[in-house]
Structure formats: C-alpha cells, structure tokens
Amino acid sequence: MGSRPATSGRVVASTNGTAKSDRPRLNASKKNGGAKRRTGPAGTPAIEPAVKLVAVHKSYGRNPVLKGVNFAVAPGELVEVTGPSGSGKTTLLRLVHGQLRPSAGELWVRGRSLHRRWRRGLGDLRRDVAFVFQEQRLLPRLTALENLVLALQVRDPQVPNAAIKQRALAALQSVNLASRRGAYPHELSAGERQRVAVARALVTRPRVLLADEPLASMDEENAAIVMRLLEEAAAAGTTVIVATHRHTFPASRILRLPSARVMTNGAKRAHANGNGHANGNGSTNGNGNGNGHTNGVLVKRAWWRVMIPVRERLHRVPQPKQIPLWRRAAAFSANSFRLVVLSGLRSWSRDARQTTPVMGTIALLLILCGTLVLIGVAVQHAVADQAGQASLVRVYLADSATQDSINALEARLRADSRVASVTYVSADQALAEARKRPGLDNLSSLSSANPFPASLDVRVKVVTQVEAVATSVKNDTAVDPTYATSYDPDTYSRLRRFALIAGGIAGGIVLLFAAVAYAVIANAMRGIAGARRPEVAITRLLGARGWMVRGPFVIEGLTTGALAGAVAAAAVAGAYLLATRFESTVYVQVLPGVDATAVQYVLAAVMTAGLVLGAATAMLGFRRARA
Ligand code: ADP
Ligand code: MG
C-alpha cells in the first residue's frame, strides 16, 4: 500500500470564493464540484460549519496581519493553515480560540459569534475548543500526568477521579509517554513536552482542536504518531485545524497565508483506514513540498504498531453521561475540593516563603489592634469609674441644722430632675468610711471628737451638671455656710481629655502600621501574583470556570489569614495572662474592667479579622495575577 503512487496528490487552488459561497451556511449545492469539498467526513452535505471566518481582518496596532480571510471548516474536517513564519497562522488560531478579537469581519465557532460579545462565555467555548500551543504552555508545577488530569477536571468535573486518571494515563500512553508521567515539564525534552501538550488537548475529546506547529521539535516517529492521533480525532468527529509552516498533514483543504487562498486537496480523505491514510500521505508528498519526515512507510509502521491498542484503550473509558447522577455529584464535590482546597493548600505551602511576610504582618497588625482594644476597654472602665466619682456632690450639713431643714433639703434635692440619688451620711458613718481608707486608719487614735460633719451625698445624673447642683444648695439653711460642698469639677474632664489624646495616638499608630502593613502585603502579593500569572493564564486557556481559578487564591489567603489570626490571638491571650499574673503579684489593677469574657470577644475578633484580611489580600493578589 505504501507504494501507491501519488496520483491523487493534487492540491487545487481555489479562489477565495470557496469560502465566500459558504456564507452564511454550508448548504452545499450538489450541482458543482463544490459539493465535494463542502461535505463532511462521512460525505454528509449541508452541515453547519464548526468554524467560520467571514472577511476576518486582524491587525496589531497598525500592523495588519490577516486581511480579509474567508474560511469555513466543517465538523470533523482536518484542515491545515500554512505559510511562512510571521504570516499570521498563530494569530488565526488564537482568534478561533477567543484569545484575540478580530479587528473586522465575522468569526463563528460552533455557532457562537466571537466578533460580537467576545469575552462572554469564553470558558464555555474553550471547554469545547482545545489548543496545542507552540510553546506548549504546560503548568510548570504539575507533572505530565497532573497536567492532563487538570485539563480533564476543568473540562468534566463530574467524572470520578479514577476515570480521569485512567483517561489521562491512556492519553499519555498514546503519545508514548506513560513512563514519563511523573516528570515535571522542565524535566522533559522539548519534543516530549510537545507530545504532552498534544495529549492534553486530545484527552478532553474537544469538538474543535487547534494545533499550532504540533510537530515542532519532534522526531519522525513521534511526528507520525501525533499526525495519526490528529487524524483519528478528526475521524471521531473533532474539527482539527493545524498550523504548519509547510504543508504536512493529509488535510482536506489548506488555507495559505498570507494570501488567504484556500487550496483543496484533490484526494478525498478517508478515515480510520490504512487506505485513506496512504492517500492522504501520498498527497503530502505529491504536493512537492519535499516534506521528508512523512514518508508512508514510517507513518504506517507507527499506525499499526502503536495506534490500534491505544484507540481501544481510549474508547473503553466511560463517558460522563454513562455515570449515574449521584456518582457525578459526588465526583463533582471531590473534584471541586481538589481544584480549590487542595490546590490552594498546595500553592500556599509552595509559596510559603512569600506568604510568611504577609502572615507576619497581618499577625503584628492584629496583635497591635487586639492589645489596644484591651487597653481601650481598661481606660474606658477607668474613665467611667472616675465619672461615677466625679458626679458625686457631698453637701456638708451645718452642725446647727435641724432635722426638719435637713428633710426639706433632701426632699428638694430628690425633686431635682438632675439628681440621681440622695444618701444621708451621718458623722459616725463618715468617720467609719474614712478609717477604711489607707493612711487614714489611725484616725481612731485622734481625740474622741469626730472631725467629720454629717452630709448628704448627692449623685448627679450628668457629670457636667455637678457644679450647678452644688451651687443651688449653697445658701440653704441646713448647709454648712463655711464649707458647703465638695466635688471635683476637673478630674473627669482631665481624664477624658487624656483618654481622647491617648486614643488618638493609638489610632494614629494603628493607621500608620496599617499603611506599612498594606505596603508589605501588596509587595509580597505582587511577587506571588507574578509567579502565578502563567498558571492562571493557562488554567483559563483550558476553559476553567471562574471559581476554579479564584478558589485556590481564596483558600491560600484564608489559610494565611487563619494562621496570622491564631498567632495574634495566642499573643494577645498570653499578654492578658501575663498582665493578670502581674496584677496578683503587685496588687495593682493593670487592666481594670477587662475580664475573661472581654478577652474572649477580642480573641474571636482577632481571628475573624485575620480570615477577612487573608481573604482580602488573596483577592488583591488574584486581581494582579489576572491582569
Ligand atoms: P506565524 O504564527 O504565522 O509565524 P504570527 O501569527 O505569530 O505568525 O504573527 C503574525 C505577525 O503578527 C508577525 O509579524 C508578528 O510579529 C505579529 N504579532 C504576533 N503577535 C503579536 C502581538 N501580540 N503584538 C504585536 N504583533 C504581533
Ligand atoms: Mg506561529
């Protein structure tokens, strides 16, 4: 069969009109020869094209690359885009993948318009349209097998992991790389990476496969394997568009750039049989490109020896639709967990060197805030205590005051709306109270005469009204005319001013520190985001949904924040315990009014703030990585 002459190897140039006449739909007219090239692989006419370009222009700035390309590709067709380097082959494939937007013209991919509403639904599109990048674009921190597994998880998260792994392994086997499954991209040769990239694109069984120079840096045997795999994909219904710098593939049609002329391969491509392949291959040689590495013998050997078992293996794997609903739901949860939580934790531990300053800064900020809150509670307590004392007016009764006048004064004070309470303190009570005060306990050794007068202790509701109340009783007959009242008009306002100033200083420190913390965190996040940008880009090119890309960042941030919060809470709790220990040794209240409940609230707040700050910084980093 290999000796079949290349009689059918005519590549016929057709006009651009080929594609133009396809507009708007591939309703083939059977009267002319056009019917032949418009037919699908099974010879079925009138199929909606999988990919359709109508007068597509693309320029980079002022540099026009594609100038009015008309081209329609039927489902299951294998076409080639050829042309010299710089002619726009990659640009065309990137347009079809939605990475670029056409400057003018219409671009339809599987019925979806990419010239209008370009950004919307790109993830959906890319789960159907796989891309083999010239520069491979494997995720550097995943092994060959993990790269394939990720592509499958992104595409079909409801497929159980065991099946995904099986499929990924079968795909690696199909490119002769099963033994290198545990190797990271940097440990693979360029040709091996290229084969992994092909396997990653094929493993998801895409509707459209875009391959950019897929045979670059490959030896002849592997090139033959990859060619065969792409042909098989086309035979199984995948639309395959291959960009090559020179015509290599047994394609049904060839789009030549930069002229944008469509050449029709005279040979009718047959599928999944050796004959058809020999045909296509013959046409390759007949093309006169002098393509050395696709001689028929080599291709056929690879095909018989390698391909049949691989095809069987690939087709034995269950399809998502054959899996019961509950298993799909369970698999979806498990895969989401893997994609978001496990991958987030993994990148957190990998980025530990960069996340540590973030964690430390958040922890310091929280320790500062937590401690200040405890101190604030104590100060507020002290101020309230002082306010209580400052609002007390002691009205000294004259020795000569009669019980009636005292009662009258008391009644008058009780009727006063500014007064909270009135208590009668007899001279004996005043003495007893004074004796309890430190330093005054030797009062009992004084002469038997009691130096303390009887008084009315008047508690005023609002501290600022103390003075007015005191003045109002001054001239009462029951009141001592020489030393009428005692109250402290200043202590409270002094204390309050002190508290305000101290609070202001503390707030300033917190703000300053927060600014420094923001700088430190933003800097660290810039580093992390820079390292992660390729990963994010590739994951999106694989068609990942938003949460699959964002989720790991959130987990990474939450982990960082949770640890920072825990460290800060431990530090604040430790400080509180030390303070109480100190209190009990020196008999001085270091933190008056701060009890265990208050501390618990502060600790809970510190940990929550850690989580919030962690998530916020992660989102900051994510936005940088996406930009
Ligand atoms: P090919 O894949 O056929 O070698 P490309 O599509 O990569 O060609 O590039 C076509 C032309 O567009 C080249 O001249 C290249 O310099 C230019 N080009 C490609 N990508 C960009 C870009 N992102 N910005 C500006 N010019 C670009
Ligand atoms: Mg290119």
Side-chain angles (χ1 to χ4, degrees), residues 11 13 16 19 51-71 73 78-107 109 114-115 118-119 122 125-126 129-138 190-191 193-198 200-201 206 208-218 223 226-227 230 239-249 251 253-263 284 287 289 291 293 530 533-534 536-538 540-542 625-627:
V11 175
N16 269 356
V51 176
K52 189 170 75 176
L53 292 87
V54 184
V56 166
H57 285 259
K58 178 68 193 173
S59 38
Y60 295 105
R62 293 185 158 210
N63 171 26
V65 178
L66 301 179
K67 287 158 273 187
V69 177
N70 292 295
F71 195 44
V73 189
L78 191 158
V79 296
E80 214 172 357
V81 180
T82 65
S85 171
S87 58
K89 305 180 295 290
T90 303
T91 301
L92 189 133
L93 293 193
R94 291 183 68 199
L95 281 168
V96 176
H97 199 231
Q99 297 171 39
L100 300 171
R101 185 180 201 163
S103 311
E106 287 180 22
L107 173 54
V109 179
L114 283 186
H115 48 288
W118 167 53
R119 282 258 179 227
L122 271 188
L125 177 85
R126 288 174 181 167
V129 182
F131 202 114
V132 181
F133 300 94
Q134 195 170 3
E135 63 280 25
Q136 297 115 29
R137 297 229 187 170
L138 302 174
R193 278 200 295 275
Q194 192 69 37
R195 277 186 278 154
V196 176
V198 169
R200 178 178 66 178
V208 178
L209 177 68
L210 308 168
D212 195 1
E213 306 276 6
L215 305 185
S217 53
M218 251 182 231
V226 168
M227 276 176 68
L230 295 192
T239 308
V240 182
I241 305 180
V242 198
T244 52
H245 54 285
R246 51 185 185 188
H247 175 45
T248 310
F249 278 78
R253 288 179 306 138
I254 299 143
L255 175 72
R256 281 202 174 280
L257 292 176
S259 64
R261 301 213 325 155
V262 179
M263 327 280 281
T284 308
N287 186 25
N289 264 341
N291 217 324
H293 64 67
R533 191 164 294 157
V536 170
I538 295 169
R540 294 170 79 85
L541 288 173
L542 291 175
R626 200 176 52 169

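Remember, it's 1-based here, ligands and their atoms both numbered in the order they're listed. In what follows, every heavy atom counts, from backbone to side chain, and hydrogens, waters and symmetry copies are set aside. The structure displayed is predicted, hence computed values, not measured ones.
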Chemist: Verify side-chain contact (heavy atoms from CB on, under 4.5 Å) between Q99 and L93, making sure each step is shown before the conclusion.
Modeler: CA-CA 9 Å; Q99 297 171 39; L93 293 193; over 6 Å; no
Chemist: Protein heavy atoms: any of them under 4.0 Å from atom 15 (C) of ligand 1?
Modeler: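 No; the ligand atom in question lacks any protein heavy-atom contact below 4.0 Å.
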Chemist: Of all the heavy atoms in G83, does at least one lie under 4.0 Å from an atom in ligand 1?
Modeler: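 No, G83 has no heavy atoms under 4.0 Å from ligand 1.
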Chemist: Please report the shortest heavy-atom distance between I538 and R200, naming the atom on each side.
Modeler: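 Residues I538 and R200, closest heavy atoms: CG2-NH1, 3.8 Å.
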Chemist: My understanding is that only one of R126, H97, R137 makes a side-chain contact (heavy atoms from CB on, under 4.5 Å) with F131; could you say which?
Modeler: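 Exactly one option meets the side-chain contact (heavy atoms from CB on, under 4.5 Å) with F131, and it is H97.
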Chemist: Between V54 and N70, is any pair of side-chain heavy atoms under 4.5 Å apart?
Modeler: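 Contact flag for V54/N70 side chains = yes.
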Chemist: Applying side-chain contact (heavy atoms from CB on, under 4.5 Å) to V79 and F71, what does each step give before you reach the verdict?
Modeler: CA-CA 10 Å; V79 296; F71 195 44; 3.9 Å; yes
Chemist: Looking at K89 and P84, would you say the former's side chain and the latter's main chain have a donor-acceptor pair under 3.5 Å?
Modeler: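 Confirmed, K89 side chain pairs with P84 backbone.
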Chemist: Just go through P84, G88, S59 and tell me whose heavy atom is the nearest to atom 8 (O) of ligand 1.
Modeler: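 Nearest heavy atom to atom 8 (O) of ligand 1 lies in G88.
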Chemist: Under 4.0 Å, heavy-atom basis, I'd like to know which part of T90 is in contact with ligand 1: side chain, backbone, both or neither.
Modeler: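 For T90, the contact with ligand 1 is made by both the backbone and the side chain.
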Chemist: Look at atom 23 (N) of ligand 1 and say which protein heavy atom is nearest, naming residue and atom and giving the distance to 0.1 Å.
Modeler: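 Ranking protein heavy atoms by distance from atom 23 (N) of ligand 1, first comes Y60 CE2, 3.6 Å.
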Chemist: Give the residue and atom name of whichever protein heavy atom lies nearest to atom 5 (P) of ligand 1, and the separation in Å to one decimal.
Modeler: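 Ranking protein heavy atoms by distance from atom 5 (P) of ligand 1, first comes T91 OG1, 3.6 Å.
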Chemist: Using 2.8 Å as a strict upper limit, say whether an N, O or S atom of T91 approaches the Mg ion (ligand 2) that closely.
Modeler: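 Within the cut-off used here (under 2.8 Å), T91 places no N, O or S atom near the Mg ion (ligand 2).
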Chemist: Identify the protein heavy atom lying closest to atom 1 (P) of ligand 1, giving its residue, its atom name and the separation to 0.1 Å.
Modeler: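 Ranked first by proximity to atom 1 (P) of ligand 1 is G86 N, 3.5 Å.
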